[in-house]
K.L.:
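Dropping a structure here in structure tokens format, bear with me for questions.
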Amino acid sequence: MPGDQILTVAQVREAEQALIDAGSSIDALMQIAGRGAADWIWRMAGRHKVTVLCGPGNNGGDGYVIAEAIRERGGHVVVVAAAQPGTDAAKNARKAFASEVLGPDADVSGHVFVDCLFGSGLTRPLTHDHAELVKRLAATHHRAVAVDLPSGVQSDSGMLLNDDLPRYDFTIALGAWKFAHFLMPAAARVGELRLVPIGIEPVEGAARTVVRPRVHEPPADAHKYTRGLLAVVAGKMPGAAILASMAARGAGAGYVRLFADRMDNVPVDVVVDTGILSEVLSDDRNRAILVGPGLGRDGEARERLAIALADPVTAVVDADALVLLTPRGLAERAASTIATPHEGELVALERAFDLDGSGTRPERALALARASGMVIVAKGPDTVIAAPDGRLACARSATSWLSTAGTGDVLAGVIASRAASGVPAFEAACEGVWLHGSAARLCPPAFTASALAERIPAALAACL
Ligand SMILES: NC(=O)C1=CN([C@@H]2O[C@H](COP(=O)(O)OP(=O)(O)OC[C@H]3O[C@@H](n4cnc5c(N)ncnc54)[C@H](O)[C@@H]3O)[C@@H](O)[C@H]2O)[C@H](O)CC1
Ligand SMILES: [K+]
């Protein structure tokens, strides 16, 4: 599924170098980046006062370009230099800024504070004076905008190098997204995101953002089986499997069958089958299977999981099934498997697959995908999707109201439904994550998981 690319610092440098080798220059790229950022800031500030804080590197250079572009338009802009420009491009941009530059002790206030202190070149925590300066300027302006990255965050990991730094209203990414725009804790500080393209070419193997999928109407001669039969295996707590089935019903599959010993109070459009699991799963019309929500963790649950994994169709494995899953349980599988762990379940899977759990969330998800052969949806406020072949996608949290019981069951149901509709595993996972987040945005605050499941068709409608 296409999306915008997310690059590491090393990938940005390489891509930037490729542009320079092809005849561009760092100064030219800085002009494109800075002027593009200035367009957004101009829209925010208009003729209100803008203060640009410039650091010593090329992020500071962007700041001088932004300030000059706003000045040329007749805007009211002030530059505060935290340090003298240190790179050639930043020195040139400083020279081209045709107005006064204030020192770090200047007493300034205004409408928009633009943070160009450090960007992707930050390698160590901000000094006390720099951190205090950023905090003071954020406090004396109505809005705070970070250029490329908020100063003080690590680009590749999303870690905060300093405590207690401001939250921004906007972050304007330059050239490409960085992991810190999506990964916690930095993702909670970046505010709304904008991207200024500077001509960077697609980088092979780069991570992508999760974007709205393209979904097609069923063909005119479609029937429930051609649209996809999804088997949902219930267990000890059938409510979770019902919730997943309801969500799956709205995400494209033509037929959702819930396998349970006995089931009361099931919505009419979820079909319950109380037959012997191994017999009903051998139905060769099955296109995908979902196992885990409400499964339980006892011997019977283990048995149900083993039967489900023996089915030669794409399997979505969630909740209790993730705790029961072992490398041996997957050894015989030829079809794709999608696992949807939250942080605790991710740790349990890492242990089961003998991984040490080190590295950033994308690195951990990729290591697990490679070791297990599964597509991993490491869900949370910064959901990361990794495939065994190295593909990687990151999603922004749609809303923190998703932090309620049962939303994970809905996610698993939606992903399974996309897989049952014939979408390959990695793409089904990305589509499911997008639909889940989009449905959450359509819900009023403090929604329940069943309200979320009801909004899935509306989210799907936006993809047609
Ligand atoms: N994406 C692109 O192609 C473009 C990005 N641009 C901007 O350039 C910055 C990255 O520039 P760089 O000079 O590498 O890094 P910084 O500006 O972040 O500054 C790093 C500079 O400061 C030193 N340093 C690192 N940490 C500290 C610290 N805590 N205290 C003091 N000094 C520190 C470090 O050694 C460097 O010398 C990118 O984010 C974009 O904003 C360009 O505009 C071109 C196109
Ligand atoms: K910055």
Side-chain angles (χ1 to χ4, degrees), residues 4-22 24-38 41 51-66 68-69 80-94 96 104 113-134 137-138 144-156 159-162 165-166 168 170-181 186 189-191 194-201 203 206:
D4 295 318
Q5 55 186 356
I6 306 170
L7 300 184
T8 61
V9 175
Q11 285 171 323
V12 170
R13 295 223 168 106
E14 216 173 294
E16 206 179 86
Q17 192 55 48
L19 292 178
I20 292 166
D21 294 346
S24 188
S25 66
I26 192 81
D27 299 76
L29 295 176
M30 190 177 276
Q31 286 295 325
I32 300 168
R35 286 179 182 270
I41 295 161
T51 303
V52 184
L53 173 64
C54 293
N58 287 339
N59 194 247
D62 297 335
Y64 292 108
V65 174
I66 290 167
E68 177 59 14
V80 173
Q84 289 309 307
T87 68
D88 288 345
K91 285 177 191 164
N92 294 338
R94 160 74 184 87
F113 159 52
V114 181
D115 171 2
C116 294
L117 181 56
F118 293 107
S120 57
L122 189 76
T123 49
R124 51 192 188 275
L126 303 184
T127 60
H128 176 77
D129 287 355
H130 281 163
E132 289 304 309
L133 180 55
V134 169
L137 290 175
V145 177
V147 171
D148 209 19
L149 291 160
S151 297
V153 314
Q154 218 172 36
S155 190
D156 290 348
M159 296 308 293
L160 306 178
L161 292 170
N162 295 71
L165 288 174
Y168 291 78
F170 278 89
T171 293
I172 304 172
L174 304 179
W177 300 115
K178 318 293 165 354
F179 281 99
H181 297 133
R189 299 190 165 250
V190 296
R194 299 286 183 270
L195 177 68
V196 174
I198 63 165
I200 287 180
E201 297 287 333
V203 172

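We count ligands from 1, going down the list as the structure has it; atoms in each ligand are counted the same way. Note that these values count all heavy atoms, side chains included, but never hydrogens, waters or copies made by symmetry.
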K.L.:
Please state the angle at the K ion (ligand 2) spanned by O of Phe118 and O of Asp115: what is it, rounded to 10 degrees?
P.N.:
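Once rounded, the angle between the two atoms at the K ion (ligand 2) is 150°.
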K.L.:
Distances under 3.5 Å, N/O of ligand 1 against N/O of the protein: list each pair and its distance.
P.N.:
unit_1	atom_1	unit_2	atom_2	d
ligand 1	1 (N)	Leu174	O	3.4
ligand 1	3 (O)	Glu16	OE2	2.6
ligand 1	13 (O)	Asn58	N	2.9
ligand 1	15 (O)	Gly121	N	3.3
ligand 1	17 (O)	Asn58	N	3.2
ligand 1	17 (O)	Asn59	N	2.8
ligand 1	18 (O)	Gly119	N	2.6
ligand 1	18 (O)	Gly121	N	3.1
ligand 1	26 (N)	Thr123	N	3.2
ligand 1	29 (N)	Arg124	O	2.9
ligand 1	29 (N)	Pro125	O	2.9
ligand 1	32 (N)	Arg124	NH2	3.4
ligand 1	39 (O)	Ser120	N	2.9
ligand 1	39 (O)	Ser120	OG	3.3
ligand 1	39 (O)	Asp148	OD2	2.6
ligand 1	41 (O)	Asn59	ND2	2.8
ligand 1	41 (O)	Asp62	OD2	2.5
ligand 1	43 (O)	Asp62	OD1	2.3
ligand 1	43 (O)	Asp62	OD2	3.3

K.L.:
With no hydrogens and no angle check, just 3.5 Å: does a side-chain donor-acceptor pair link Asn59 and Asp148?
P.N.:
no
K.L.:
Can you measure from CZ (Arg13) to OG (Ser120) and round to the nearest 0.5 angstrom?
P.N.:
5.5 Å
K.L.:
Kindly indicate whether the side chain of Arg35, heavy atoms from C-beta on, has any atom under 4.5 Å from the side chain of Glu68.
P.N.:
yes
K.L.:
Would you sort out whether Val114 and Leu53 count as a side chain to side chain contact (heavy atoms under 4.5 Å, CB included), showing the intermediate values?
P.N.:
CA-CA 6 Å; Val114 181; Leu53 173 64; over 6 Å; no
K.L.:
Assess whether a salt bridge exists between Asp156 and Lys178, defined as any Lys/Arg side-chain N lying under 4.0 Å from an Asp/Glu carboxylate O.
P.N.:
no
K.L.:
Search all heavy atoms of Ala180 against all heavy atoms of Val153 and return the closest pair with its distance.
P.N.:
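Distance-wise, the nearest heavy atoms are CB-CG2, 4.0 Å.
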K.L.:
Using the K ion (ligand 2) as the vertex, how large is the angle between O of Leu149 and OD1 of Asn59, rounded to 10 degrees?
P.N.:
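Rounded to 10°, it measures 140°.
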K.L.:
Could you pull out all residues at least two apart from Glu132 that satisfy salt bridge (charged side-chain N to carboxylate O under 4.0 Å, His left out)?
P.N.:
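Partners of Glu132 by the salt bridge (charged side-chain N to carboxylate O under 4.0 Å, His left out) criterion, ordered by chain and then number, come out as Lys135.
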K.L.:
Has Pro150 got an N/O/S atom less than 3.4 Å from the K ion (ligand 2)?
P.N.:
no
